[in-house]
Amino acid sequence: MSGPSAPEGLTPVLVRLKLSLLRNGLRQSGGRRAAYLTSAVFALLFGVLQLIGFAVLRGHPHAVSVAVLSAAVLALGWAVMPLFFPSGDETLDPTRLVMLPLRPQPLVRALLAASLAGVGPLFTALLLVGCVISVAHGAAAYAVAVLAVALALLVCVALARAVAAANTRLLTSRKGRDLAVLSGLVVAIGAQLVNFGAQHLGSSGLGRLDPVTEVLRWVPPASAVGAVDSASEGSYGVAAARLALTALALAALLGLWSRSLTRLMTTPDSSTVQAPDARRRRSRSGGPARLFPGGRTGTVTERSLRYVLRDPKTKAAWVTSLAIGLIVPVFNALQGTGSVYLACFAAGMLGVQMYNQFGQDTSAFWMVALTISSPRDAYLELRGRALALLVVTLPYATLVTVLTAALVGDWARLPEVLGLSFALLGAMLATGAWASVRFPYSIPQEGYKNVAPGQAGLAWIAIVGGMLAAALLCSPVIALAIWTNVSATGDGLGWLLLPVGAAYGATITLLGLRLAAPRTATRLPEILAAVSKG
């Protein structure tokens, strides 16, 4: 009988645990397995193509700038990844190991090794290898490149883990789920920024990256790629300094990660502790709510704004509209192809939020329905919801219009565009109220779908039909704007569009709410059934 075996180290145990979690997850369903394998193949194929592209870039005058900047962007991606995809890796939550007798230092080493198992680290390694190949020249540079790739990869992984550990309480809370819902918005904005940057570089050349590269050469982990370039030029002292800087960054991240693990495993979750007077403070209305009208209208306005702040789906829709409504006119103005009239896009994006007002409440709408017993109640309910949208949209549309006019340099058309924006907003509030009553649909609370199965046709009719109706309602103000621009008698009268558009928008809004209120009161059972379907 053999004697007792030596205890196995923690690192191989956690590596096997990571592989087991991955394997068991793929066994749950064929669809999940196919999705993972497909994404892995595409990621690795893209990584190989990037490696080949960097190899082709070798010898280019600006190869160093591209390689250093790519390493910096790669590290940035690792830093933000845990914030937007906290459920992508079960081992990102160290609180699962709280009950085990583990010390922070061995646990950090073991988790770091386990983190290297996966498609993400392999993809990162391929890109880093391509970066150093594009700048390495000579035996010394290749020797430095081996160490540079290893250090840069460890810094990326440690950065992601340190960020995840420092924000574990956030990522497992409701706010963390809000971040996950908003991740699509960040990707969309980032894509616009990348597109804008690519167009700017295409017109001015890669030489514009050189000043930024000079700074990033000393910022880990891009400093590791800069070290390879320094070794290629024979500056071995500078190369050693940049490698040392990358190693120091790795040590600092591991130390931060270790302290975060210690705090997580030794302190209670303070988010569950409530101060004695917290409930009393929350029940006290204050701030902007004091400016709302009294009665049901003010209550509905405050409730709607609270939904925007607290409900992940509603918040995602609003923030997306706010961001895109600003990006479209501003980015076009910065590229020299914009027009001040594009500022109307801001009012249009937020006006869409008026459509399907009751569907945003989902099954909780039954509590609102119990309080509506007459067309007067329905009118006050709709008016409060419209006021909540106006509280944000009016200053936002004004700000975007002023900013666009400043970037384009067309201050003369500022009153005209503001009038068009206010008229468009009023028309969308009117048609949105009617569409919310006539074509309500449910918004699922789980997942990323915004329409319940079987109700996509209702959503298209409500939004597209309502927007076409809003454009038709705006035709008198649009015709007036055209007349002031093409007619000799209307020249210089564009400022009239501001009071006319504001008055027209307010009038059409009130008329739309008045017409939608009686139908709301009579169709409450149908509306409740439609919005509760998901």
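Note that the structure is predicted; figures quoted are calculated from it, not measured.
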Undergrad: Is the backbone N or O of L418 less than 3.5 Å from a side-chain atom of T401, with the two atoms forming a donor-acceptor pair by type?
TA: no
Undergrad: Minimum heavy-atom separation for S134 and F54, please, with both atom names.
TA: CB-O, 3.2 Å
Undergrad: Is there a side chain to side chain contact (heavy atoms under 4.5 Å, CB included) between V408 and S339? Walk through the geometry before answering.
TA: CA-CA 7 Å; V408 176; S339 169; 6.0 Å; no
Undergrad: Does the side chain of T393 reach to within under 4.5 Å of the side chain of L429, using non-hydrogen atoms?
TA: no
Undergrad: Ignoring hydrogens, what is the shortest heavy-atom contact between A470 and A427? Give both atom names and the distance.
TA: O-CB, 3.6 Å
Undergrad: Could you walk me through whether L389 and L425 satisfy the side chain to side chain contact (heavy atoms under 4.5 Å, CB included) test, starting with their C-alpha distance in whole Å, then the side-chain angles of each, then the deciding distance to 0.1 Å, before giving a yes or no?
TA: CA-CA 10 Å; L389 196 145; L425 179 60; 3.9 Å; yes
Undergrad: So, for A152 and L128, which heavy atoms are closest and what is the spacing to 0.1 Å?
TA: CB-CD1, 3.7 Å
Undergrad: Quick check: do T484 and W495 have side-chain heavy atoms less than 4.5 Å from each other?
TA: no
Undergrad: Output yes when a side-chain donor or acceptor of R58 lies under 3.5 Å from a complementary backbone atom of A63, and no otherwise.
TA: no
Undergrad: Identify the two heavy atoms, one from V119 and one from A40, that lie closest to each other, and give their separation to 0.1 Å.
TA: CG2-CB, 3.7 Å
Undergrad: Nearest 0.5 Å please: distance from the CZ atom of F345 over to the CG atom of L424.
TA: 11.0 Å
Undergrad: Could you walk me through whether W257 and L107 pass side chain to side chain contact (heavy atoms under 4.5 Å, CB included), step by step?
TA: CA-CA 10 Å; W257 186 7; L107 182 59; over 6 Å; no
Undergrad: Is the shortest heavy-atom distance from the side chain of V238 to the side chain of E233 under 4.5 Å?
TA: no
Undergrad: Considering residues at least two apart in sequence or located in another chain, which fulfil the side-chain hydrogen bond (donor to acceptor under 3.5 Å, both in side chains) criterion with E416?
TA: Y341, N485
Undergrad: How long is the span from the CZ atom in R306 to the OG1 atom in T314, to the nearest 0.5 Å?
TA: 14.5 Å
Undergrad: With heavy-atom distances below 4.5 Å as the criterion, would you say the side chains of V108 and R161 are in contact?
TA: no
Undergrad: Is a donor on one side and an acceptor on the other found under 3.5 Å between the side chain of Y396 and the backbone of L322?
TA: yes
Undergrad: Measure the CD1-CG distance between I52 and L57 for me, rounded to the nearest 0.5 Å.
TA: 13.5 Å
Undergrad: Which atom pair, heavy atoms only, marks the closest approach of P220 to W218?
TA: CD-O, 3.6 Å
Undergrad: If you round to the nearest 0.5 Å, how far is CG of L250 from CG of L112?
TA: 7.0 Å
Undergrad: Once you round to the nearest 0.5 Å, how far does CG of L326 lie from CZ of F331?
TA: 8.0 Å
Undergrad: Counting C-beta onward and ignoring hydrogens, is there a side-chain heavy-atom pair between F46 and L51 closer than 4.5 Å?
TA: no
Undergrad: For residues V48 and L126, determine if any side-chain heavy atom of one lies less than 4.5 Å from a side-chain heavy atom of the other.
TA: yes
Undergrad: If you round to the nearest 0.5 Å, how far is CG of L45 from CD of Q50?
TA: 10.5 Å
Undergrad: For T404, which residues count as a side-chain hydrogen bond (donor to acceptor under 3.5 Å, both in side chains) partner, sequence neighbours excluded?
TA: none
Undergrad: Counting only N and O atoms by type, is there a donor-acceptor contact under 3.5 Å from the side chain of S258 to the main-chain atoms of L254?
TA: no
Undergrad: Between L116 and L154, is the side chain to side chain contact (heavy atoms under 4.5 Å, CB included) condition met? List the steps.
TA: CA-CA 8 Å; L116 296 174; L154 291 175; 4.1 Å; yes
Undergrad: Indicate yes or no for a side-chain donor-acceptor contact from S321 to the backbone of L350 under 3.5 Å, with no hydrogens or angles considered.
TA: no
Undergrad: Should F422 and L497 count as side-chain neighbours, where that means a heavy-atom distance under 4.5 Å?
TA: no
Undergrad: Do you know the tightest heavy-atom contact between A148 and A224?
TA: CB-O, 3.5 Å
Undergrad: Is V400 close to P329 at the side-chain level, that is, under 4.5 Å between some pair of heavy atoms?
TA: yes
